[in-house]
Amino acid sequence: MRYHFNNDIRYLLKSRIIVLLLLFIVPFAVFLVNSYVMGSLITLFNFVMGTNLNIKSFSILEIAVYIFNITVYLFLAIDLYIKDIRYRLDYIFLRENVIKFIIKKSFVFIIILIILKAMQYVLIGGIIALKINQYGYYDLLRLMVSDCLYTMILQFSCLLLYLLFITFRRTKYIVFPIIIMIAMYIPKSIYSVKEKNFEMVVMLIFIIICFFSLLIKYHKNIFENI
């Protein structure tokens, strides 16, 4: 697992460094532009990160930050999985068991997500706390847990749909309506679901099981079609 972790970290720092920097630059820029806004630490953090989006009452900037964060993490999820399948098939088939590879890759992927989220919360939350001289790290910690679960659910759902699309070509007309339905009905406010972490854990486990099952059963077809 250490090999996969080091390999993915090197890849991100070498090939996706701009994407990683944007995860911190964009929220910081939003905070600077709106530094006059008053409120508690968690209120300002929600505004800067787009984690409390209310569809009935939102600003264009707030929804843009929400979409930006979700899009970047979805991109990183697909990118980290697909790069190995595209460029390291010889390693996967000759040096490691496919099932073990999938499990290790998923654990590494989750660890990297948590590290990136923690860095975002510490740096952006710390800057806001210093600016307003107000501290409430417990609220930020609860929000970070919900944010990680929320993001992982979206990431593994996206990966699952992607695998369904490339594995069963007939499902391509079903995948897009499902994506639209998910986009319409999934809660947009991460802050509002912080009391439902248990439900999100159950949902995440179910999605990961489906994801693993599909990869393990159809890995040859998937690797050939990517």
Side-chain angles (χ1 to χ4, degrees), residues 4-5 7-31 45-53 58 61-85 102 105-125 140-163 165 175 178-180 182-194 196-197 200-201 203-208 210-212 215:
H4 294 293
F5 179 79
N7 182 63
D8 283 350
I9 291 295
R10 283 196 299 269
Y11 171 78
L12 290 174
L13 293 178
K14 182 179 180 180
S15 303
R16 298 290 180 252
I17 186 64
I18 295 178
V19 176
L20 296 180
L21 289 175
L22 286 175
L23 281 174
F24 304 95
I25 294 173
V26 170
F28 182 66
V30 173
F31 173 67
F45 187 87
N46 278 329
F47 180 79
V48 168
M49 297 293 290
T51 47
N52 192 22
L53 189 64
F58 64 88
L61 187 59
E62 193 175 8
I63 195 171
V65 175
Y66 168 84
I67 293 174
F68 167 78
N69 272 302
I70 295 299
T71 302
V72 168
Y73 280 105
L74 290 181
F75 166 75
L76 290 177
I78 295 176
D79 190 41
L80 286 177
Y81 267 100
I82 301 307
K83 75 173 180 67
D84 285 334
I85 297 175
I102 294 169
K105 187 71 179 179
S106 298
F107 273 113
V108 168
F109 164 69
I110 291 172
I111 291 170
I112 290 176
L113 166 69
I114 293 173
I115 291 173
L116 288 175
K117 284 290 185 184
M119 291 175 64
Q120 267 191 311
Y121 274 67
V122 169
L123 291 175
I124 304 301
L140 280 184
L141 180 61
R142 290 182 63 202
L143 179 60
M144 190 189 82
V145 172
S146 300
D147 195 357
C148 286
L149 291 172
Y150 181 94
T151 305
M152 280 189 278
I153 287 172
L154 287 182
Q155 288 175 321
F156 278 103
S157 296
C158 184
L159 284 168
L160 179 60
L161 290 173
Y162 179 71
L163 293 184
F165 177 78
V175 169
I178 292 176
I179 293 174
I180 294 173
I182 291 174
M184 289 177 59
Y185 292 106
I186 191 169
K188 306 302 185 296
S189 172
I190 300 172
Y191 183 76
S192 68
V193 297
K194 69 182 187 302
K196 299 180 180 180
N197 286 343
M200 287 198 290
V201 169
M203 183 181 297
L204 178 61
I205 292 173
F206 173 76
I207 295 171
I208 290 177
C210 293
F211 175 73
F212 280 0
L215 261 178

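Residues take their numbers from the sequence shown, with the count starting at 1.
Taking each heavy atom of Met49 and Asn69 in turn, the nearest pair found is O-ND2, 3.3 Å. Of all heavy-atom pairs spanning Leu159 and Ala77, the tightest one is CD2-O, 4.0 Å. Of all the heavy atoms in Ile78 and Cys158, the pair that sits closest is CD1-SG, 3.7 Å. Considering all non-hydrogen atoms of both residues, Val193 and Met200 come closest at O-CE, 3.7 Å.
Under the 4.5 Å side-chain criterion, counting only non-hydrogen atoms from C-beta, Tyr73 is in contact with Leu113. Taking the side chain as every heavy atom from C-beta outward, Val48 and Val65 never approach each other to under 4.5 Å.
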Margin query: side chain to side chain contact (heavy atoms under 4.5 Å, CB included) for Val19 and Leu76? Distances and angles first, verdict last.
Written below: CA-CA 9 Å; Val19 176; Leu76 290 177; 4.2 Å; yes
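To the nearest 0.5 Å, atom CD of residue Gln120 and atom CG of residue Leu23 are 5.0 Å apart. Leu143 contributes atom CG, which lies 9.5 Å from atom SG of Cys148 (distance to the nearest 0.5 angstrom). Summarising the geometry, atom CD1 belonging to Ile70 is positioned 8.5 Å from atom CD belonging to Gln155; distances are rounded to the nearest 0.5 Å. Here CD1 of Ile153 is found 9.0 Å from CD1 of Ile208. Values are rounded to the nearest 0.5 Å. With rounding to the nearest 0.5 Å, the separation of CD1 in Ile67 from CG in Leu74 is 11.5 Å. Atom CD1 of Ile115 is separated from atom CG of Leu12 by 10.5 Å, given to the nearest 0.5 angstrom.
The side-chain hydrogen bond (donor to acceptor under 3.5 Å, both in side chains) check on Ser189 picks up Asn52, Ser192, with sequence neighbours excluded. Residues passing the side chain to side chain contact (heavy atoms under 4.5 Å, CB included) test with Leu21, sequence neighbours excluded: Ile17, Ile25. In this view, Tyr191 satisfies the side-chain hydrogen bond (donor to acceptor under 3.5 Å, both in side chains) rule with no residue, not counting sequence neighbours. The side-chain hydrogen bond (donor to acceptor under 3.5 Å, both in side chains) check on Asn46 picks up Thr51, with sequence neighbours excluded. Legend: residues meeting salt bridge (Lys or Arg N to Asp or Glu O under 4.0 Å) with Lys194, ordered by chain and number and at least two apart, are absent. When the side chain to side chain contact (heavy atoms under 4.5 Å, CB included) test is applied to Leu123, the partners found at least two apart in sequence or on another chain are Phe24. Phe68 meets the ring-ring contact (aromatic ring centres under 6.0 Å, His included) test with no other residue; sequence neighbours excluded. The side-chain hydrogen bond (donor to acceptor under 3.5 Å, both in side chains) check on Asp79 picks up Tyr11, Arg16, with sequence neighbours excluded. In terms of the ring-ring contact (aromatic ring centres under 6.0 Å, His included) criterion, Tyr66 has no residue partners (sequence neighbours excluded). Phe156 pairs by the ring-ring contact (aromatic ring centres under 6.0 Å, His included) definition with Phe109, Phe211, not counting sequence neighbours. Every residue meeting the side chain to side chain contact (heavy atoms under 4.5 Å, CB included) condition with Val108, not counting sequence neighbours, appears here in chain and number order: Met1, His4, Phe5, Asp8, Ile112.
Counting only residues at least two apart or on different chains, the salt bridge (charged side-chain N to carboxylate O under 4.0 Å, His left out) pairs with a member in residues 140-161 are Lys117-Asp147, Arg142-Glu195.
Considering Leu140, Val201, Asn197 as possible partners of Val145, the one that fulfils the side chain to side chain contact (heavy atoms under 4.5 Å, CB included) test is Asn197.
Counting non-hydrogen atoms of neighbouring residues, nucleotides and ligands closer than 6.0 angstrom, the CG atom of Leu13 exceeds 12 such neighbours. The number of heavy-atom neighbours closer than 6.0 Å to CZ of Phe75, taken from other residues, nucleotides and ligands shown, is above 12.
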